Amino acid sequence: MKHLLVVVSFFCMSETIFAQSDLAQRLFDAHDLFKEKTITERRAFKHRHLVPLIEKLKTSPKFKVIEAGKSFEGRSIFQAQYGNGAPPVLLWSQMHGDEATATMALLDIFNFLNASGDGFDDFRKKLAEKSTLYFVPMLNPDGVERWQRRTAQEIDMNRDALRLQCPESKLLKQLQQTLKPLVGFNLHDQSPRYSVGDSKEVAAISFLATAYNHERTINSVRERAMQLIVGMNRDLQKFIPNQVARYSDEFEPRAFGDNIAKWGTSLVLIESGGYKNDPEKQYLRKMNFIAILTALESIADGAYAREKRTDYEKIPQNGRNHFDLIIRNAKAELNGQTYTVDVAINRNEVSNADATAFSYRSSVEDFGDLSVFYGIDELDAQGGTLVDAKGKPIVLRLGDRGNFEIRAAKKGWKIESGFVKSL
């Protein structure tokens, strides 16, 4: 009988994992049906564009939408509720104003939850009956307006969990204290240059089950977050293989994630990083859509409890091994002497006047032997010489703009704002 129970338990676990896996693929295939088409550019998406979408959501009988509070400059901060079951779950995005990927994904999730008759109705019913979802899209609308990390007070809200000097910070703590969510999803963007461990792969998505003390103790609250992340990682590996990482878990006593975990809510941090040829993070938006919805199902039916927390530790930690461009095997000339260098260049976004678009300002970050680093883009200079536009050899300095030429025996390249063009 004991062996029979083990077999039945294993079968049920396998069936649950298979069902979740199937859901991830179905969501991937169907995402375009629910994608909020009015929002495709991170910086162009402001609070004034969110308002009509929220007003539209208010007309849905599936949602209860309220103004949860106001920002320092008086912009409305909205809360959308879906479902009336247990447990409660809280999701918030754009705590940092220049991190919009997950906000776009939440709008897609609103469209998904508001739809019907497409094969997902049983899933929607499960979420509505077995959980209550509270969404706060765009927690820092003043920062969004300026496309900056910090609030209008120039405070990093994610370091204001103790002093609570920002009205937005006070609101987030109030929501956690009153709603008492079982799980909180803290949705962010990170640098697109993080690596998956020491590998050549860029971290497209990074997860973290935040620590609640300096010892990084694992209690049942933190373990739940780890288990949820194990499931999300497995699902995302199908679409971004080897590009999921684990964020560093050093305890930060001022941070909201760490304190929310201390206050009893399992905190799942999702960081959207980099993905090749996806500057507007539309593919990563899709990854958020899948990861969040599959995790919400796991919470609703309790399937996360079957995951092994030890699998969380197997996810490689974020590394810093990438530059936007590495030029390898170039020749520099100084005082009549020639030597070989690799050159690393990053392309940094610079906002236009109204923070709705950007241009790139490149910078030489390193040169010399860069064999232990990776470039998101790489160029083998084949022994070509670094020269200016007139063909005169140059020696690059740290901080120089990425504007120069490389001339080899049979080929040449022009480096312009850190991008490679053929001569």
Side-chain angles (χ1 to χ4, degrees), residues 24 27-57 60 63 65 75-80 82 90-115 133-149 185-192 203-207 232 235-236 239-240 243-244 268-296 349 351 355-358:
L27 291 170
F28 180 89
D29 295 338
H31 174 254
D32 197 56
L33 298 174
F34 310 109
K35 183 176 181 180
E36 178 51 58
K37 303 297 195 298
T38 63
I39 308 298
T40 57
E41 297 178 1
R42 295 170 291 134
R43 291 167 178 266
F45 175 38
K46 304 296 185 184
H47 183 265
R48 60 184 177 274
H49 304 117
L50 176 67
V51 171
L53 298 175
I54 293 296
E55 292 299 322
K56 180 181 177 181
L57 195 64
S60 169
F63 283 87
V65 182
R75 295 181 174 89
S76 296
I77 300 173
F78 301 104
Q79 172 191 298
Y82 178 88
L90 177 63
L91 308 93
W92 65 94
S93 66
Q94 262 177 306
M95 166 184 281
H96 293 142
D98 57 353
E99 299 176 2
T101 306
T103 305
M104 295 186 287
L106 291 186
L107 295 176
D108 302 342
I109 289 173
F110 293 163
N111 290 340
F112 172 82
L113 294 175
N114 212 22
L133 309 178
Y134 297 95
F135 301 90
V136 182
M138 201 176 287
L139 182 60
N140 178 12
D142 300 344
V144 173
E145 193 66 21
R146 299 162 171 79
W147 193 253
Q148 69 178 28
R149 177 183 179 88
F185 288 85
N186 190 6
L187 306 173
H188 287 262
D189 283 54
Q190 68 178 10
S191 166
I205 296 289
S206 295
F207 292 115
M232 289 188 285
D235 285 331
L236 290 188
F239 314 113
I240 45 174
Q243 287 194 261
V244 178
V268 174
L269 175 73
I270 302 180
E271 297 269 1
S272 299
Y275 191 74
K276 195 171 178 64
N277 300 321
D278 186 28
E280 291 298 338
K281 297 197 172 185
Q282 296 303 292
Y283 191 71
L284 296 186
R285 165 188 188 169
K286 188 173 184 176
M287 294 301 100
N288 275 260
F289 175 82
I290 295 167
I292 292 169
L293 284 172
T294 54
L296 292 178
E349 296 181 3
S351 295
T356 59
F358 68 92

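All values below were derived from every heavy atom in this structure, side-chain atoms included, with hydrogens, water molecules and symmetry-related copies excluded. Treat the numbers as computed from the prediction; the structure is a model and nothing was measured.
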Roughly how far, to the nearest 0.5 Å, is the [atom2] atom of [Y] from the [atom1] atom of [X]?
{"X": "Phe239", "Y": "Ile290", "atom1": "CZ", "atom2": "CD1", "value": "4.5 Å"}
{"X": "Leu53", "Y": "Leu107", "atom1": "CG", "atom2": "CG", "value": "6.0 Å"}
{"X": "Asn186", "Y": "His96", "atom1": "CG", "atom2": "NE2", "value": "8.5 Å"}
{"X": "Met104", "Y": "Ile109", "atom1": "CE", "atom2": "CD1", "value": "12.5 Å"}
{"X": "Leu91", "Y": "Tyr82", "atom1": "CG", "atom2": "OH", "value": "13.5 Å"}
{"X": "Leu57", "Y": "Leu113", "atom1": "CG", "atom2": "CG", "value": "9.0 Å"}

What closest approach, in Å, do [X] and [Y] show between heavy atoms, and which atom pair accounts for it?
{"X": "Ile39", "Y": "Gln282", "answer": "O-OE1, 4.2 Å"}
{"X": "Glu280", "Y": "Thr40", "answer": "CB-O, 3.7 Å"}
{"X": "Phe289", "Y": "Ala105", "answer": "N-CB, 4.0 Å"}
{"X": "Leu236", "Y": "Ala291", "answer": "CD1-CB, 4.0 Å"}
{"X": "Leu106", "Y": "Ser93", "answer": "CD1-OG, 3.6 Å"}
{"X": "Asn140", "Y": "Gly97", "answer": "ND2-N, 3.5 Å"}

By salt bridge (charged side-chain N to carboxylate O under 4.0 Å, His left out) - contacts of [X] (at least two apart):
{"X": "Arg285", "value": "Asp108"}
{"X": "Glu41", "value": "none"}
{"X": "Lys281", "value": "Asp189"}
{"X": "Asp142", "value": "Arg75"}

Can a side-chain donor-acceptor contact be found between Glu271 and His188 if the only test is distance below 3.5 angstrom?
no
Can Asn288 and Thr101 be counted as having a side-chain donor-acceptor contact under 3.5 angstrom?
no
Determine which pairs satisfy salt bridge (Lys or Arg N to Asp or Glu O under 4.0 Å) with at least one residue from residues 46-57, sequence neighbours left out, and list them in order.
Arg48-Glu145, Glu55-Lys58
Please identify each residue that fulfils side chain to side chain donor-acceptor pair (under 3.5 Å) with Glu349, with sequence neighbours left out.
Arg42, Arg43
Min side-chain heavy-atom separation [X]-[Y] under 4.5 Å:
{"X": "Val51", "Y": "Ser76", "value": "no"}
{"X": "Leu27", "Y": "Phe112", "value": "yes"}
{"X": "Phe207", "Y": "Ile270", "value": "yes"}

Under the criterion side-chain contact (heavy atoms from CB on, under 4.5 Å), I'd like the reasoning laid out for Asp98 against Arg149: C-alpha separation, chi angles, the key distance, then a yes or no.
CA-CA 5 Å; Asp98 57 353; Arg149 177 183 179 88; 3.8 Å; yes
Examine Lys286 relative to Phe28 and say whether NZ or CZ is less than 6.0 Å from the centre of the six-membered ring and inside a 45° cone about the ring axis.
yes
For [X], all residues meeting side-chain contact (heavy atoms from CB on, under 4.5 Å), sequence neighbours excluded:
{"X": "Ala203", "answer": "Gln190, Tyr194, Val196, Ser206, Ala245, Asn318"}
{"X": "Asp32", "answer": "Lys35, Lys37"}
{"X": "Ala204", "answer": "Ile240, Gln243, Tyr275, Leu284"}
{"X": "Ala115", "answer": "Phe34, Asp118, Arg124"}

Could you walk me through whether Phe45 and Met138 satisfy the side-chain contact (heavy atoms from CB on, under 4.5 Å) test, starting with their C-alpha distance in whole Å, then the side-chain angles of each, then the deciding distance to 0.1 Å, before giving a yes or no?
CA-CA 10 Å; Phe45 175 38; Met138 201 176 287; 3.9 Å; yes
Return the orientation label for the His47 and Phe78 ring planes: parallel under 30°, perpendicular over 60°, tilted otherwise.
parallel
How would you list, by chain and number, every residue that makes a ring pair (Phe, Tyr, Trp, His ring centres under 6.0 Å) with Phe185, sequence neighbours excluded?
none
What residues form a ring pair (Phe, Tyr, Trp, His ring centres under 6.0 Å) with Phe135, not counting sequence neighbours?
Phe110
Out of Val268, Val136, Ile292, which one pairs with Leu187 under the side chain to side chain contact (heavy atoms under 4.5 Å, CB included) rule?
Ile292
